[in-house]
Amino acid sequence: MDTEQVRERYRIEREKRLRGDGLAQFKELKGDYAAFDIDPYVEPGFEREPVIEETDAVIVGAGFGGMLTAVNLQRKGIENFRIVEKGGDFGGTWYWNRYPGCMCDVESYTYMPLLEETGYMPTEKYASAPEIFAHCQRIGRHFDLYPHALFQTEIADATWDDDTDRWTVTTSRGDQLRTRFFITAGGILHKAKLPGIPGIEDFAGTAFHTSRWDYGFTGGSPTEPMDQLKGKRVGIIGTGATAIQAVPQLARAGAEVFVFQRTPSAVGVRNNGPTDEDWYATLEPGWQDERMRNFTQAVTGEQPDIDLVGDGWTDVLWVNTQMGETDEERAELEQVDFEVMERLRQRVSATVKDPATAEQLKPWYGKHCKRVCFHDDYLPSFNEPNVHLVDTDGRGVQQITEHAVVVDGDEYPVDLLIFASGFEVTTSLIQRLGFDPVGRDGLALSERWADGAHTLHGILTAEFPNLMVISTVQAGFGTNFVHFLSESSSHVARLVATCMEQGVASIEATAEAEDEWLMTLFGVAMAMAPYSASCTPGYYNGEGQVTDAGARNVTYPGSLLHYVEFLHEWMDAGDFPGAHVVYRE
Ligand code: NDP
């Protein structure tokens, strides 16, 4: 195909997938769908006495973001902090996601934090979810974080008091925590979503979201085969990074598997293998920070001297397509983009035996439009007689009835319906936090941010003193998300420690600095905009709908390392430029 033909094919596929309701097409796991949100990993009936106390910091979230913030506070000598977490243990996304086959497709040596400190060697280049969850618990034990944690607890309210320079944080378990600093580390994948398919509430069989896997129904466990699925008819809606990993396991369990596809994923080579212990023993202190940095350089096109990780990510994402400065450069980059995606399409043809199924599994969009996946068993699953691809040609599942999934008028009866329908990644921060902080003079964050986010570096916000946000909204991002979390949690801890040392009573962004930061973000984002607009809808581009508020929720689209430079420069300036600071009398 020539360039024009590929562009045209991308345009046609995108148009099929466009719909008027954008992000509103999804349902939250509450209200009518609250049953989907029940935590299957804890014993029901947990109760405890409310905690009433005064602390230096409250951290929301016990995933890697919250844990790294806690560890970084400890490194600064701050021990008086609380961690509040909805789940029943440390882990965040690795607590919730226990679906069969779950693993991390980012290399374990760069992704699993604090390996040097905990003395742990991952068993494989790409670690399984149980191993990562166990590492989260190891971090909890190693750094003695468990006594700080309030699990199975959600924030009810958080209110700033100007007279005492404290936040009062209340929780679903009646806790009252008064704190100097309030740090939210809510993650990007903690709010699961369901597709708003007509009739979804009519389904009478067993149904759950992949992040609430019911092994009681399927049998097995994250490490054992699902022995109760043989002969059962299982439908799975979605073909993103989660489904890619779960489908081969469902196939192995002997179920009749119906994979309902709206947009195919691009699936590259995984090539996992055991860790070479001899090599691991040669790693010098400081190796993990260096490896994280090197990986981020490689995937953002900075071309380090040696590509230490050298896997599919660095191959696929080596070139940042939209960053070409001249027409010629941009044309060249577009060609590279086409070639990478064509290689991935060819991989489908070479793997999937039935030509019609192979055609349906081919991704027709640019390589930065959706998250690329890596797996060696997903595509071969479609050669198994018990695995059936039901392609919806970009339109999605038409309807769900009491016992079946309907596509194009055809009914597919199923006993089990699995929603691999993802998470809210680009909805508003307040919606994802699940509470609405109240800042100075009773101002709610939802009011202040009525037109979208206002922040300095995504961390500080005016009228909300001592609130520090760790999220991707107006902040950085990385293919290795833990690299971003490591950097931003270390920055926040340094900021808290500096404020405490210098007798700062309150710190917040000025509105002017927020505007300036937004202009910096937009300056970089503009280069990306035409590419993003040409993409098939997905969470990367707000489901194809650009709203003013959505635009303000932008993530720093350049390299994570550039974002980190902003943070370092700001801290190193020594006088908190762009912040309004009140010192204690
Ligand atoms: P995604 O949002 O990536 O995928 C959701 C899937 O549901 C898509 O295929 C989507 O189709 C489909 N879908 C939604 N609505 C409908 C509908 N009405 N009819 C049919 N299909 C529908 O969620 P995932 O859980 O797969 O992944 C979320 C993120 O989690 C990933 O992007 C990644 O960041 C992370 N992750 C990381 C892993 C790792 O190895 N590091 C592993 C797993 C997840 P469409 O594409 O058309 O919207």
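Just so you know, ligand 1 is whichever comes first in the structure, and atom 1 is the first atom listed for that ligand.
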Undergrad: Can we say R7 and E334 salt-bridge, meaning some charged N sits less than 4.0 Å from an Asp/Glu carboxylate O?
TA: yes
Undergrad: So which heavy atom in the protein is nearest atom 34 (O) of ligand 1, and how far is it from that ligand atom?
TA: R371 NE, 3.1 Å
Undergrad: Do the side-chain N and O atoms of R212 and H209 include a donor-acceptor pair separated by under 3.5 angstrom?
TA: no
Undergrad: Which of these, D105, T479, L189, has its nearest heavy atom closest to atom 35 (C) of ligand 1?
TA: L189
Undergrad: Could you tell me whether Y99 approaches ligand 1 through its side chain, its backbone, both or neither, with non-hydrogen atoms closer than 4.0 Å?
TA: side chain
Undergrad: For R17, take its heavy atoms, then give the atoms of ligand 1 lying under 4.0 Å from any of them.
TA: 45 (P), 47 (O), 48 (O)
Undergrad: Just distances here: any N/O of T239 and N/O of ligand 1 closer than 3.5 Å?
TA: yes
Undergrad: Return the closest protein heavy atom for atom 14 (C) of ligand 1 as residue, atom name and distance.
TA: R262 NH2, 3.4 Å
Undergrad: Regarding K27 and the six-membered ring of Y33, is the cationic atom NZ or CZ under 6.0 Å from the ring centre and inside 45° of its axis?
TA: no
Undergrad: Between D393 and R262, does any NZ, NE, NH1 or NH2 come within less than 4.0 Å of an OD or OE carboxylate oxygen?
TA: no
Undergrad: Give me the nearest non-hydrogen protein atom to atom 3 (O) of ligand 1 as residue plus atom name, then the distance to 0.1 Å.
TA: G240 CA, 3.9 Å
Undergrad: Run the salt-bridge test on E13 and R17 with the 4.0 Å N-O cut-off and return the result as yes or no.
TA: no
Undergrad: Heavy atom of Y365 under 4.0 Å from ligand 1?
TA: no
Undergrad: Among all protein heavy atoms in this structure, tell me which lies nearest to atom 28 (C) of ligand 1, with the distance rounded to 0.1 Å.
TA: F423 CD1, 4.0 Å
Undergrad: May I ask you to list the atoms of ligand 1 that are less than 4.0 angstrom from any heavy atom of I197?
TA: 18 (N)
Undergrad: Less than 4.0 angstrom from a charged side-chain N to a carboxylate O is my criterion; do R293 and E290 meet it?
TA: no
Undergrad: Would you check the N or O atoms of Y539, main chain and side chain alike, for any that come under 3.5 Å of an N or O of ligand 1?
TA: yes
Undergrad: Under 4.0 angstrom from ligand 1, any heavy atom of G538?
TA: no
Undergrad: Flag T242 as yes when one of its N or O atoms lies below 3.5 Å from any N or O atom of ligand 1, and as no otherwise.
TA: yes
Undergrad: Between F133, Y111, F481, which is the residue that forms a ring-ring contact (aromatic ring centres under 6.0 Å, His included) with F64?
TA: Y111
Undergrad: Charged N to carboxylate O below 4.0 Å: is that the case for R371 and D105?
TA: yes
Undergrad: Find all atoms of ligand 1 within a distance of less than 4.0 Å from any non-hydrogen atom belonging to Q245, and give their numbers and elements.
TA: 40 (O), 42 (C)
Undergrad: If you round to the nearest 0.5 Å, how far is CD of Q245 from CE of M103?
TA: 6.0 Å
Undergrad: Nearest to atom 5 (C) of ligand 1 by heavy atom, A420, G238, A243: which?
TA: A420
Undergrad: Is E107 paired with R291 through a side-chain N to carboxylate O contact shorter than 4.0 Å?
TA: yes
Undergrad: Could you tell me whether E15 and R11 have a side-chain N and a carboxylate O separated by less than 4.0 Å?
TA: yes
Undergrad: Run E224 and S221 through side-chain hydrogen bond (donor to acceptor under 3.5 Å, both in side chains) and show every step you take.
TA: CA-CA 5 Å; E224 295 155 314; S221 74; 2.6 Å; yes
Undergrad: How far is atom 19 (N) of ligand 1 from its nearest protein heavy atom, and which residue and atom name does that atom have?
TA: V397 N, 3.1 Å
Undergrad: Please determine if E543 has a nitrogen or oxygen closer than 3.5 Å to a nitrogen or oxygen of ligand 1.
TA: no
Undergrad: I'd like to know whether D311 forms a salt bridge (charged side-chain N to carboxylate O under 4.0 Å, His left out) with K125, so could you lay out the CA-CA distance, the side-chain angles of the two residues, the decisive distance to 0.1 Å, and finally the verdict.
TA: CA-CA 10 Å; D311 68 359; K125 188 167 165 76; 5.3 Å; no
Undergrad: Salt bridge or not between E256 and K232? Use side-chain N to carboxylate O under 4.0 Å.
TA: no
Undergrad: Between the side chains of D37 and K30, is the shortest nitrogen-to-carboxylate-oxygen separation below 4.0 Å, so that they form an ion pair?
TA: no
Undergrad: Any N or O of A241 that comes nearer than 3.5 Å to an N or O of ligand 1?
TA: yes
Undergrad: What residue and atom, counting heavy atoms only, is the protein's closest point to atom 47 (O) of ligand 1, and at what distance?
TA: T263 OG1, 2.5 Å
Undergrad: Please say whether P537 places an N or O atom under 3.5 Å from an N or O atom belonging to ligand 1.
TA: no
Undergrad: Does the N or O separation between I237 and ligand 1 drop below 3.5 Å for any pair?
TA: no
Undergrad: Suppose I only count heavy atoms of F26 and a 4.0 Å limit; which atoms of ligand 1 are within that range?
TA: 14 (C), 15 (N)
Undergrad: Please confirm whether K370 approaches ligand 1 to less than 4.0 Å, judged on its heavy atoms.
TA: yes
Undergrad: Using a strict cut-off of 4.0 Å, indicate which atoms of ligand 1 neighbour a heavy atom of G422.
TA: 2 (O), 5 (C), 23 (O), 24 (P), 25 (O)
Undergrad: Counting from 1, what ligand 1 atoms have a heavy atom of S421 closer than 4.0 Å?
TA: 5 (C), 7 (O)
Undergrad: Which atoms of ligand 1 sit under 4.0 Å from any heavy atom of G396?
TA: 19 (N), 20 (C)
